[in-house]
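Step one of this worksheet: look at the structure below.
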Amino acid sequence: MSLIHHPAWIEINLRQFQKNLRIIRGMIGKSLFCLPVKANAYGHGLIEISRCAQEQGVDYLAVAHLQEGVELRKAGIKIPILVLGAIHEDQVLPLIDYELEFSISSKFKADLVAHKLLLDQRKCRVHLEVDTGMNRTGVRPKTAIDLFTYLKQLACFNIVGIYSHLANTEFPEHTQQQIAVFKTLLKHPIFKGQKLISHLANSSGVLSYPESQLDMVRPSLLAFGYGNHPDISPCFSLKAKISYFKTVEADQGISYGHTFKTSSQTRIVTIPVGYGDGYRRELSNKGSVLIRGKRYPIVGTICMDQFMVDIGNDEAYVGEEVVLIGKQGEEEISVQETAGLCNTIPYEILCLFNHRIPRYYIF
Ligand SMILES: *Cc1c(COP(=O)(O)O)cnc(C)c1O
């Protein structure tokens, strides 16, 4: 990737990422640190981020799908990997082949797995997923005891963990309720002496609900630098080089549909990034970019591969660096700001950036 001279790129600051990991480590005491790296590590690059995490002593990785886990194993990642999403029958053997742990969240799925492994002497490593209020996947706490008992008597299951997921961390009451339900379940005598890794906390759990930190925690957004903590900062920037410059007369429409009209003669520069890269079209006539440390507005509709910026009477040359997300001089365009303009959350903005934009890892 790094040899291709593409005029737009994502810069990942691994030094900052490592710092974030160290700070989280300091916050979680003796808990194991599981880093979810699903969706290309929230757009940061699955393999590079996972390698860095492994080197930094992160204990576990989590992905959503089998395929992400296989990619990690093929890249030589050795630490335990948990596949969070519900699995399908035809995935059972590859999950074991690649030494991936996975979630069991129903008797139905447990039977499918057991059936697949009837003629296979191998064991699979699984985490029992409990639904404490998300209503997505997972068995209800009441059923969890029965399912655990059931799994225990099937030879193919090595139950290594039990977990749940927080649904509503903006609301302390609901979150505390989920924590309480999960902790009550864990106190059930059936789990005594079972050496299960219990885990519940995501980023918000780690930041705001220390009581949700059990044997392991799963913060991801926080590790990438988003969260209310003085020493944690983003490690992601999106940059490009100006690809074109022109002076446009007054009363001219810009880009598809002429959604922007110049009010006076002005200078327009073109940036070679578009929604085909995952840069949201929603930012048309709303977003801004940084050039020479100053903010300028995006004008007209964002195209698939490029968009335009109005620099007024200022100067900027073709080839100059533009920051779409990140810092330049004293100015900053944050992922939170971009997400706000698009009426979405930072997670979505980050993971929409696709493979057309190369990622560079700086230190
Ligand atoms: C994605 C995910 C996480 C990480 O969430 P953050 O809010 O980024 O910390 C944790 N647990 C599960 C089950 C997830 O799917």
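As the structure lists them, so they are numbered: ligands from 1, and atoms in each ligand from 1.
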Residue shell around ligand 1, heavy atom under 4.0 angstrom: P36, K38, Y42, L84, R136, H165, N202, S203, R218, P219, S220, L221, Y347
side-chain hydrogen bond (donor to acceptor under 3.5 Å, both in side chains) partners of K152, counting only residues at least two apart: Q194
Under 3.5 Å, sequence neighbours excluded: what are the donor-acceptor pairs made by side chains of residues 242-258?
residue : atom : partner : partner atom : Å
S243    : OG   : T270    : O            : 3.2
E249    : OE2  : Q265    : NE2          : 3.2
S255    : OG   : T301    : O            : 2.7

Residues clustering with L290 (ILVMFWY side chains joined when closer than 4.5 Å, directly or via others): V323, I333
Donor on one side chain, acceptor on other, Y226 and S203, under 3.5 Å: no
Donor + acceptor pair across side chains of Y296, D314 (<3.5 Å): yes
Parallel, tilted or perpendicular, as decided by the 30° and 60° cut-offs, for the rings of Y60 and H127: perpendicular
